[in-house]
Participant: 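The structure under discussion is supplied below as structure tokens; questions concerning it will follow.
Side chains included, hydrogens not; waters and symmetry mates left out as well; all remaining heavy atoms used.
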Amino acid sequence: MRIVFASHGGLGCAMREAVSMILGLSVKEKTDCVDLLEGESLENYYEKLSGKVDPETIILADLFGGTPSRAALMLLQQGRAKAVITGFNMAIAIEILMNEDLGSNLQEFISRVKDAGLQGIRAFVGPQLVEISK
């Protein structure tokens, strides 16, 4: 399984570097990144992204509806990627890379990964660190 970070600007490549700091350099052997440049067209970005994926790739896109996620979803529809997760965060990337055995059920695996990403989002306010739960 391969992971590709698809994002605006340098976000995807920076996330790849950050995850490598936590999990080790082997992350770079299992991942790649494709960043959308300012003014770049969907067609050009699609071509760049398509060169980095295969049918076993999970694409992590930064923002649902943006050019990177649209290109990723096009590749998924064509059977050229295994799954697409939008709104990636570090918790999602770590969960995937630490639990690479998909088992027999891809949907259950992706659901667990999504849950890990949601659990990684926490909000606090004030000096008493009041956590906002809803």
Side-chain angles (χ1 to χ4, degrees):
M1 175 180 57
R2 185 153 183 76
I3 307 300
V4 174
F5 295 95
S7 69
H8 294 81
L11 182 62
C13 292
M15 179 65 75
R16 182 178 183 232
E17 289 295 322
V19 172
S20 293
M21 284 178 60
I22 294 170
L23 297 181
L25 293 177
S26 66
V27 166
K28 292 184 179 180
E29 297 169 5
K30 303 171 190 172
T31 63
D32 212 329
C33 56
V34 181
D35 288 330
L36 176 71
L37 305 175
E38 189 170 343
E40 188 171 12
S41 69
L42 172 61
E43 294 76 18
N44 191 63
Y45 186 80
Y46 170 86
E47 289 301 319
K48 286 187 347 187
L49 185 59
S50 68
K52 301 282 186 173
V53 302
D54 64 39
E56 295 302 310
T57 301
I58 295 177
I59 303 172
L60 302 181
D62 61 351
L63 179 68
F64 178 73
T67 297
S69 72
R70 289 174 36 216
L73 292 169
M74 289 166 58
L75 290 165
L76 182 61
Q77 283 183 310
Q78 297 164 357
R80 297 180 62 197
K82 185 179 264 320
V84 172
I85 300 173
T86 65
F88 72 72
N89 60 25
M90 193 173 289
I92 286 173
I94 289 171
E95 183 71 18
I96 289 175
L97 289 162
M98 290 185 65
N99 299 287
E100 292 182 68
D101 182 14
L102 300 178
S104 61
N105 193 325
L106 176 63
Q107 289 182 3
E108 285 180 14
F109 176 79
I110 296 298
S111 179
R112 284 194 321 269
V113 168
K114 182 181 175 188
D115 287 344
L118 292 171
Q119 290 172 15
I121 299 170
R122 309 290 289 268
F124 299 87
V125 296
Q128 292 80 27
L129 302 178
V130 175
E131 185 168 11
I132 307 302
S133 60
K134 291 190 178 202

Participant: Tell me if a side-chain donor or acceptor on Asp35 pairs with a main-chain N or O of His8 at a distance below 3.5 Å.
Facilitator: no
Participant: Spell out, yes or no, whether Val53 and Ile92 are grouped together once hydrophobic residues are joined by side-chain heavy atoms under 4.5 Å, including indirect joins.
Facilitator: no
Participant: Give a yes or no on whether Leu73 and Val34 share a hydrophobic cluster (residues Ile, Leu, Val, Met, Phe, Trp, Tyr; joining criterion: side-chain heavy atoms under 4.5 Å apart).
Facilitator: yes
Participant: Does the side chain of Glu40 come within less than 4.5 Å of Thr67's, by heavy atoms?
Facilitator: no
Participant: Would you kindly confirm whether Leu36 and Leu11 end up in one hydrophobic cluster when ILVMFWY residues are joined by side chain heavy atoms under 4.5 Å apart?
Facilitator: no
Participant: Given side chains that start at C-beta, do those of Asn44 and Lys48 come closer than 4.5 Å, heavy atoms only?
Facilitator: yes
Participant: With the side chain counted from C-beta on, respond yes when Thr86 and Leu63 share a heavy-atom pair under 4.5 Å apart, and no when they do not.
Facilitator: no
Participant: For Glu29 and Arg2, which heavy atoms make the closest approach, and how far apart are they?
Facilitator: O-NH1, 3.3 Å
Participant: Could you tell me the separation between the NZ atom of Lys52 and the SG atom of Cys33, rounded to the nearest 0.5 Å?
Facilitator: 7.5 Å
Participant: Name each donor-acceptor pair under 3.5 Å that joins a side chain in residues 16-25 to protein atoms two or more places apart or in another chain, with its distance.
Facilitator:
{"from": "Arg16", "atom 1": "NE", "to": "Thr31", "atom 2": "O", "distance (Å)": "3.4"}
{"from": "Arg16", "atom 1": "NE", "to": "Thr31", "atom 2": "OG1", "distance (Å)": "2.8"}
{"from": "Arg16", "atom 1": "NH2", "to": "Lys28", "atom 2": "O", "distance (Å)": "2.9"}
{"from": "Arg16", "atom 1": "NH2", "to": "Thr31", "atom 2": "O", "distance (Å)": "3.1"}
{"from": "Glu17", "atom 1": "OE1", "to": "Lys28", "atom 2": "NZ", "distance (Å)": "3.1"}
{"from": "Glu17", "atom 1": "OE2", "to": "Lys28", "atom 2": "NZ", "distance (Å)": "3.0"}
{"from": "Ser20", "atom 1": "OG", "to": "Arg16", "atom 2": "O", "distance (Å)": "2.9"}

Participant: Which atom pair, heavy atoms only, marks the closest approach of Pro68 to Tyr45?
Facilitator: CA-CE2, 3.4 Å
Participant: What's the spacing between Lys82 NZ and Glu56 CD if we round to 0.5 Å?
Facilitator: 4.0 Å
Participant: Check salt bridge (Lys or Arg N to Asp or Glu O under 4.0 Å) between Arg80 and all other residues, then give those that pass, not counting sequence neighbours.
Facilitator: none
Participant: Using only atom types and a distance under 3.5 Å, with no angle test, would you say the side chain of Ser111 pairs donor to acceptor with the backbone of Glu108?
Facilitator: no
Participant: Please name the residue in the list Ile110, Val4, Ile59, Ile58 that meets the side chain to side chain contact (heavy atoms under 4.5 Å, CB included) test with Val84.
Facilitator: Ile59
Participant: Yes or no on side chain to side chain contact (heavy atoms under 4.5 Å, CB included) for Asp62 and Phe5, after CA distance, side-chain angles and deciding distance?
Facilitator: CA-CA 8 Å; Asp62 61 351; Phe5 295 95; over 6 Å; no
Participant: Might you work through the side-chain hydrogen bond (donor to acceptor under 3.5 Å, both in side chains) test for Thr57 and Asp54, ending with a clear yes or no?
Facilitator: CA-CA 5 Å; Thr57 301; Asp54 64 39; 3.3 Å; yes
Participant: Out of curiosity, does Met74 fall in the hydrophobic cluster containing Phe64 (side-chain heavy atoms, cut-off under 4.5 Å, transitive links)?
Facilitator: yes
Participant: Quick check: closest heavy atoms across Ser7 and Gly12, and the distance to 0.1 Å?
Facilitator: OG-N, 2.6 Å
Participant: Side chains of residues 114-123: which donor-acceptor pairs under 3.5 Å do they make with residues two or more places apart or in other chains?
Facilitator:
{"from": "Arg122", "atom 1": "NE", "to": "Glu131", "atom 2": "OE2", "distance (Å)": "2.3"}
{"from": "Arg122", "atom 1": "NH2", "to": "Glu131", "atom 2": "OE1", "distance (Å)": "2.9"}
{"from": "Arg122", "atom 1": "NH2", "to": "Glu131", "atom 2": "OE2", "distance (Å)": "2.9"}

Participant: Flag the pair Ile96 / Leu60 as yes when at least one side-chain heavy-atom distance between them is below 4.5 Å, and no otherwise.
Facilitator: yes
Participant: With the 4.5 Å side-chain cut-off for hydrophobic clustering, are Phe109 and Leu97 part of the same group?
Facilitator: yes
Participant: So, do Ile3 and Lys30 sit near enough that their side-chain heavy atoms are less than 4.5 Å apart?
Facilitator: no
